[in-house]
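Values below: every heavy atom of this structure, side chains too, minus hydrogens, waters and symmetry copies. No experiment lies behind these values; they were computed from the predicted model shown. Each chain gets a letter, A, B and so on, in the order the sequences are listed, and its residues count up from 1.
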Amino acid sequence: MTTTVLEIDGLSVATPDGRTLVHDCTLAVSAGESLGLVGESGSGKTLSTRAVAGLLPAGFTTGGTIRLAGHDLASLPGAELRELRATRMGMAFQTPRAHLNPLRTIGDFMTEALVALAGEAPEAAYRRAVDLLAEVGIRDPDRRMRQRPGELSGGLLQRVMIAATLAMDPPLLLADEITTALDVTTQEEVMAVIADLRRHRDLALLFITHDLALAGAVCDRVAVMQAGRTVETLAAATMREDAREPYTRRLLSASLPDEAAGIRQARRSDTVLEVAGLRKAYQVRAAGRGRGREELLAVDNVSFALAAGGALGIVGESGSGKSTTARMICGLETADGGTVTVKHEDWTAPARSAPARRARARVVQMVFQDPYQSLDPRQTVRSCLAEAVAVHRRIASRAEIAARVDALLDAVRLAPALAGSRPRALSGGQRQRVAIARALAADPEILVLDEAVSALDVTTQVEILTLLDSIRRETGVALLMISHDLTTVRRLCDHVAVMQAGRIVEQGPIADVLDAPRSDYTRTLLDSIPRPGWTPQRRLPARIVTSGGTR
Amino acid sequence: MSIGQLARGRTPAPARRAAAHDPLLIAAALVLVAVIGIALLGPLRSPYDPDQLYAGAVSAPPSLAHPFGTDDLGRDVLSRVLAGARPSIAGPVIVVAVSTMLGVAVAVASAWFGGAVDGIASRLVDVIFAIPGLVLAVLAVAMFGKGLLAPVVALSIAYMPIVVRLVRAGARAELGRPYIAALRIQGVGSLAICFRHLLPALLPTILAQATVGFGYAMLDIAAISFLGLGAQPPASDWGVMIAGGQPALLTGAPEQSMFPAALIVLTVLAVNIVGARTTTWAEAKDR
Amino acid sequence: MSANAIRQLAAKLGGLLLTLLLASIAIFFAVALTPGDPVTALAGGVRPTPELIEAIRAEHHLDDPVWMQYLRWVGGVLQGDLGTSFVYKTPVAELIAPRIGISLLLVAYAVVLITVFGIGSGILAAVRGPRADRAVLVGTSIGVAMPTFVVAILLIWVFGRVLGWFPVYGTGEGLLDNLYHLTLPAISLAVLYIAYMSRITRGAIVAQQHAEHVDTARVRGLSPSRIFRRHVLLNASPQILAVSGATIAGLIAVSAVA
Amino acid sequence: MGGIGSLLTEAAARKDLPVVQVLSLLLVTVFVVLNAVVDVVIAIIDPDSVKSRRSA
């Protein structure tokens, strides 16, 4: 007989000013089971989880029932509630760096609950903490115990956080987007740790994520949330066949595309952009006790070519140098070596004067990752686009500019009614459309997309990628897509280059590289993508130290 | 939307509507309008000549003839308070205007050019910051003699570092945001980026600091006048009046000091309230 | 202490000395370039004869280049020779020595008041609910608008004259009597800074209360008082400390003037 | 008050420059040293702060 460790029934959450953000969240997690709670931003999955954990902001009210280990949370007085949560559940968060006290050592963090709540002696608590760190695969735990969060990488911190949740041997772990901020290979490490823990401890898992593919790959069942409601709960293994709700189907097709359909044929034509032997070094303070400074090669001998009207993806994890490469092409950084050639002109040195920058702007434009940060929050959509238009056609009349702005809005499928809005009033997808429209204002021949869809929900990602693809077909603009995500690159690009630690380890037509990878690293990247039947592996020894690695 | 944003609640109501429901803000604004009105028109409307001695009424308590009473020389306190508004307000206004303009210019140049410009500016600011405002003001008085000019110039310089630090930090953060990079890639000129995007973004910070600075400048200048180093008697500067009323205070005629003192406190209070509200509003608008 | 920490400490110390050097140059040259001939001041009101001028110039090395005079001045200050007052014709050190004790006592008194009431009321505002918050906000709003000397005359009037609880002039004999006499000045000195510290403290604590690492502590079941002490207050302390350092330093300047 | 304050204001009023100079320098020194001490204390509580504080 299985016991239910967490049961949420008809949960609603309302703000102090009376808006109901969660209407009906209903789910149950049995001992040893793993349930994925999936939904896009604003679906209410995080608020529901925080209601369970008692972390709603002051003044928020809840309805419905939450039963943790058989106890109705609403019926317990404060101190007992605290003890119940402390012993029956652990919770890990999305950003471990923000969720660990930066001023206290890992040792303080690991032992605090053991000493203060379980009443263990400091020495016993210390030994237990070291064991827990070892259990989540942290080598040299004694050294880690003395360090502070600032000295550890994100992947390590996430494992520290998971280890700490185990201190009181809880039967349930709430994991709120625990791998969202991590590289895919680090995500695989963390998921492998979680899988081991569940095997050895019979731990139940409530896995909150926006990534349906990941939830499907690591959970037994998946509950899908939309607009504050759990719309359906499916067995992970058969969710593709069982899904009834249109929203779930849309999520599924966005998250787990048919692989064959995405492959595009490479085209050969004129080269519009050529990068040869590009190099960028940063002076960094030497690590450890050493004195002086050392060079960090962010970009090391990078060469590739982009065909006119083509689409090249540059893929790599954080710190691989892919964004620095893009910024050098756009003149935001100066290269230390190598050349950037655009349309047979040498563009290696950034343009100094505004007219020179304008001339280049008519050839190369860029779309940034965070559409909110890349628009001036004080400017309306219209004035933002009008500014971009006016820069390039200095004598254009007001009416001509307005007409051009309307044409741009139409090109990115944005309703003209939104022209008067400021970025704050737009959704993430709408903001990114504005950013694309602004980039198109100059009629560029190359569009550099720096993680342009990675901050968006998956369904929105697909919309934006579709838009970009049709713009490419209509205008013949070449795309250079910087991304950490092989799946998105596969959707849009015909060629791909894989970067690791500043170097290109492999490049070629997309079908060749992704279906028959020649380098180990590409293979590792492909293997770490969650998919049905996926078993996350611990690959620590094989990993080459990048900035995301151990320090 | 993050939990933090949710906790902050609905997007703020339009400023004008919010202001109408904020009695404190209205009161503060009224005080400010009144004080500025007095500064501009007061001397013309004052019942008596502020420097005229009325021998018949020395240290007289408030009466119908002299609503605020008279001082130890028999001068009408109300007339003197009205006449004192202009010098008492003008000093802080100049200090804030000069220090803000200098500070913003240095800060923006530092953040924009970085490197050596930033290094030199930071060192300069550190040195000025090390000399407290009042000390610099007293030093200036020792150099150039008593009067309002020297302290006002000294405080304008002394208040600059705090403006530079705040605005420079804000400017650096703003310049690091992708929308500035996007503008540069568009080929938008540096001056246009500065005036159309950077400065408007920094406006809440600058405004907030200016109002806080005004309060401190008013207190500092009043203190200098009170000590006899600033405006000189028989001038009717508020600080001077408070000092002049001190002996009467101990003999039981507090109003000679209290009226100008109350005006200083009210003015600073009102500026602080209006400043705080304006800043919150400007920040909410940008978010 | 790690090599890194020592290096940073050395850099800090170097910056401090450089700042002091530049500030001393600024102060000296500002005064040296003051309009008006110091000889007139040195002669002490008498209309100086040419011989007297010569003598004075020679005695005070006024014919040396300015930077020589600066070096002589700094060298003197470092060796305890603070120069001679124009007005009293006595060594400056002798003027300062008898007064510095009372000034230090006054500042120390005010610092205690600021720490206790400023930080205390800030914590109160942050943790005791909206009503306490509002009350402290009103108090601090008025506090930051009060000039030191206005507080002083108010206190003198109320406690000195109307109530007669505290002496309004003199510094008294002996430490306790000193403190008694310094109470009103210390309060007047402290009010503005109490209000300021209170606001900073409240802001720093509220920011930490909303920090994500506090969520972690809460979900682990730690008691509210423990979370407050070890996660909120500890993390707010650098900011509070940074401001209180500047505050106390500023206070010393104000006490020296007002 | 019989403290440093009255000495400094009086000296400034009477253009007693040596006194003003020395007292200014004294106050500046106290100001700078005190701030440095606080910086060190903060660095002990929060070692990571040292790198970021200068730019703040």
Per-residue tally against chain C (heavy atom, under 4.5 Å) across D:V33, D:V30, D:T29 peaks at D:T29
So, the part of D:L25 with a heavy atom under 4.5 Å from chain C: the answer is both
Greatest number of non-hydrogen atom pairs under 4.5 angstrom with chain D, of C:L13, C:L95, C:L104, falls to C:L95
Between C:G245 and D:N35 the two heavy atoms that sit nearest each other are C-OD1, 3.6 Å
When the 4.5 angstrom heavy-atom criterion is applied to D:V40 and chain C, the contacting part is side chain
D:V32 and C:T19 have their tightest heavy-atom pair at CG2-CG2, 4.3 Å
Here the gap from C:I96 atom CD1 to D:L23 atom CG, rounded to the nearest 0.5 Å, amounts to 4.5 Å
Tightest non-hydrogen contact, residues D:V28 and C:A23, listed as CG1-CB, 3.8 Å
With a 4.5 Å heavy-atom cut-off, do C:I100 and D:L26 have their side chains touching?
yes
Shortest non-hydrogen pair, C:P238 vs D:I42, comes out as O-CD1, 3.3 Å
Value for CG (D:L8) from CZ (C:R99), rounded to nearest 0.5 Å, stands at 10.5 Å
Inspect the surroundings of CZ in C:F228 and state if more than 12 heavy atoms from other residues, nucleotides or ligands are less than 6.0 Å away. yes
